[in-house]
Amino acid sequence: MLRQLVMHAPRLFNYPSRRLAHGGCSQILITRALSSAAMSPPSKAIVYDVHGPPDTVTKLVEVPAVEVKEKEVCVKMLAAPINPSDINRIQGVYPVRPNPPAVGGYEGVGEVLSVGSSVTSLSPGDWVIPSPPSFGTWQTYIVKNENVWHKVEKGVPMEYAATITVNPLTALLMLEHCVPLNSGDAIVQNGATSMVGQCVIQLAKSRGIHSINIIRDRPGVNEVKEMLKNLGADEVFTESELEVKNVKSLLGGIPEPALGFNCVGGNAASLVLKFLRQGGTMVTYGGMSKKPVTVSTSSFIFKDLSLRGFWLQKWLSTDKAEESRGMIDRLLNLVQEGKLKYKMELAPFDDFSTALDKALGKLGSQPKQVIKF
């Protein structure tokens, strides 16, 4: 199996494979590489040989050292999240995914351990994130070309640096690139407790934009509402509370939203549409209910509503790397200023299976799981 990984997994595996004994790693000088013969340390990785249920097909393997070539950087991973899209890639249902055998994970943060002889943009000790995100972050060491890595400030909390590239960037892009919004305008969204939803609330508030938020009915709903309002939400409604003839009567002094975000589908998407003003737009970026978006004919004809989708992967694939890095730096500045936060739980790499169970929802509702290496 490991010989197959050498052929198909990320750069770290491009080396003849063998199983390593624990504690058998040779010491690597942590300094700028002096020749193309510099080597990375051996690595541990979460891999899958076939697509399928993540808790069944993933396993921890040990992989030998690889050469750090002249334009490459060896990064010691510090933390990486378990995102829904990571799970979907392993299941084989995500549109863009590596062919197995492959290493899991798509974003994270690491510390530069050593660099190739021609690398000028990074030095040992720098903190970096893969930008745009790239496959294979669930491993202890990664060797890739220097242009894959974006340097970030070391003062930012590690778990935020590890998670900034997918969900917060999605929230920022949808707010800034879909419909022109001004201070005093309003947006409406379902899935407000998701990481994207929490980021939307805070980023909207920072621009003076009102947010109307829809959540599912659940135990402890009052505590959830309070949490979202503490983040800056103007209004939070459960789906059952919106079973009224005129939902806009609930807005009070908040203007009708020009923009709505849908990550659920089904009835939750229809509720977003009910709030939108004449000529409003709903952006769909997820489908957690696995139910279709349905729109009444009258909404199209008489309200002139528009529907569109957003997929971060597609946006990043259109030569947006430099723009995205600037936006990531803006987001990390907001984190450091205390203006952007979301709930996460750090889990040790050695207990990956428990973190995965939590991410899969097998242990009830849990915060975002972030693996600490």
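Below, each value reflects all heavy atoms present in this structure, side chains not excepted, and no hydrogens, waters or symmetry copies.
Taking 4.0 Å as the cut-off between side-chain N and carboxylate O, Lys343 and Glu159 do not count as a salt-bridged pair. Ion pairing between a basic and an acidic side chain is recognised when a charged N comes within 4.0 Å of a carboxylate O; Lys205 and Asp234 show no such pairing. Taking 4.0 Å as the cut-off between side-chain N and carboxylate O, Lys71 and Glu146 count as a salt-bridged pair. Salt-bridge annotation for Lys368 and Glu345: absent, with no side-chain N of the basic residue lying under 4.0 Å from a carboxylate O of the acidic one. Checked for salt-bridge contact, Glu241 and Lys225 meet the test: a charged N lies under 4.0 Å from a carboxylate O. Remark: Glu72 does not engage Lys69 in a salt bridge, criterion side-chain N to carboxylate O under 4.0 Å. Between Asp126 and Lys154 there is no salt bridge, since no side-chain N of the basic residue sits under 4.0 Å from a carboxylate O of the acidic one.
Aromatic ring centroids of Phe310 and Phe261 lie 6.0 Å or more apart.
For the pair Arg89 and Tyr106, the cation sits on the ring face: its NZ or CZ lies under 6.0 Å from the ring centre, inside 45° of the axis.
Ring geometry, Phe352 versus Phe349: the interplanar angle exceeds 60°, so the pair is classed perpendicular (tilted spans 30 to 60°).
Under the 3.5 Å distance criterion, the side-chain polar atoms of Gln202 are matched with a main-chain donor or acceptor of Gln198. With hydrogens and angles disregarded, a donor-acceptor distance shorter than 3.5 Å links the side chain of Glu107 to the backbone of Thr165. Asp55 contributes no side-chain N or O that, together with a main-chain N or O of Asp357, makes up a donor-acceptor pair within less than 3.5 Å. Between the side chain of Thr140 and the backbone N or O of Lys44 there is at least one donor-acceptor pair closer than 3.5 Å. In terms of modelled atom types and a separation under 3.5 Å, the side chain of Thr58 and the main chain of Val47 share no donor-acceptor contact. Remark: the backbone N or O of Tyr342 is paired with a side-chain donor or acceptor of Tyr160 at under 3.5 angstrom. Looking only at distances, a side-chain donor or acceptor of Asp86 sits under 3.5 Å from a matching main-chain atom of Asn83. In this structure, the side chain of Ser289 engages the main chain of Val264 through a donor-acceptor pair within 3.5 Å. Put simply, the side chain of Asp185 never gets that close to the backbone of Leu181: no donor and acceptor are under 3.5 Å apart. Not a single donor-acceptor pair under 3.5 Å links the side chain of Arg325 to the backbone N or O of Glu322.
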Residues Ser134, Lys144; criterion side-chain contact (heavy atoms from CB on, under 4.5 Å); working and verdict: CA-CA 10 Å; Ser134 59; Lys144 289 188 177 181; 3.0 Å; yes
Residues Asn145, Val73; criterion side-chain contact (heavy atoms from CB on, under 4.5 Å); working and verdict: CA-CA 6 Å; Asn145 192 282; Val73 176; over 6 Å; no
Candidate pair Trp127 and Lys151, rule side-chain contact (heavy atoms from CB on, under 4.5 Å), full reasoning: CA-CA 6 Å; Trp127 276 22; Lys151 182 179 176 180; over 6 Å; no
CA sep, side-chain torsions, deciding dist, call: Ile301, Ser298, side-chain contact (heavy atoms from CB on, under 4.5 Å): CA-CA 5 Å; Ile301 296 176; Ser298 61; 5.9 Å; no
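Linking ILVMFWY side-chain heavy atoms closer than 4.5 Å, directly or via other members, places Ile187 and Leu228 in two distinct hydrophobic clusters. Follow the hydrophobic side-chain contacts under 4.5 Å out from Leu356 and you reach Val50 in the same cluster. Under a hydrophobic clustering in which Ile, Leu, Val, Met, Phe, Trp and Tyr are joined whenever their side-chain heavy atoms come within less than 4.5 Å, directly or via other members, Leu360 and Met288 fall into different clusters. The hydrophobic cluster containing Leu60 also contains Phe373, counting ILVMFWY residues as joined when their side-chain heavy atoms lie under 4.5 angstrom apart, directly or transitively. Ile215 and Val200 are members of different hydrophobic clusters when ILVMFWY side chains are connected at heavy-atom separations under 4.5 Å.
Between Ala359 and Gln369, the closest heavy-atom pair is N-CG, 4.1 Å. Residue Gly191 comes nearest to Cys263 through the heavy atom pair CA-SG, 3.7 Å, listed as atom of the first residue, atom of the second, then distance. Among all heavy-atom pairs drawn from Val335 and Pro157, the shortest one is CG1-CD, 4.0 Å.
Summarising the geometry, atom CG belonging to Asn262 is positioned 4.5 Å from atom CG belonging to Asn190; distances are rounded to the nearest 0.5 Å. Remark: Ile371 CD1 to Thr137 OG1 distance equals 10.0 Å, nearest 0.5 Å. Taken to the nearest 0.5 Å, the OG atom of Ser114 stands 13.0 Å off from the NZ atom of Lys76. Between the OG atom in Ser206 and the CG atom in Leu175 there is a gap of 8.5 Å [rounded to 0.5 Å]. Taken to the nearest 0.5 Å, the CD atom of Glu223 stands 11.0 Å off from the CZ atom of Arg218. Distance check, rounded to the nearest 0.5 Å: CD of Glu111 to CE of Met77 gives 12.0 Å.
No more than 12 heavy atoms of other residues, nucleotides or ligands shown are found within 6.0 angstrom of NZ on Lys291. By the 6.0 Å contact criterion, NZ on Lys339 is open, its count of non-hydrogen atoms from other residues, nucleotides or ligands being 12 or less. Heavy atoms of other residues, nucleotides or ligands lying less than 6.0 angstrom from CD of Gln336 number more than 12. The number of heavy-atom neighbours closer than 6.0 Å to CD of Glu153, taken from other residues, nucleotides and ligands shown, is 12 or below. Within a 6.0 Å radius of NZ in Lys314, no more than 12 heavy atoms belonging to other residues, nucleotides or ligands are found.
Checked by atom type, the side-chain pair Thr354/Asp351 shows a donor-acceptor distance below 3.5 Å.
The other members of the hydrophobic cluster of Met282, by chain and number, are Val188, Ile212, Ile214, Phe237, Leu242, Val244, Val247, Leu250, Leu251, Ile254, Leu271, Val272, Leu273, Phe275, Leu276, Val293, Val295, Phe300, Leu305, Leu307 (side-chain heavy atoms under 4.5 Å, ILVMFWY only).
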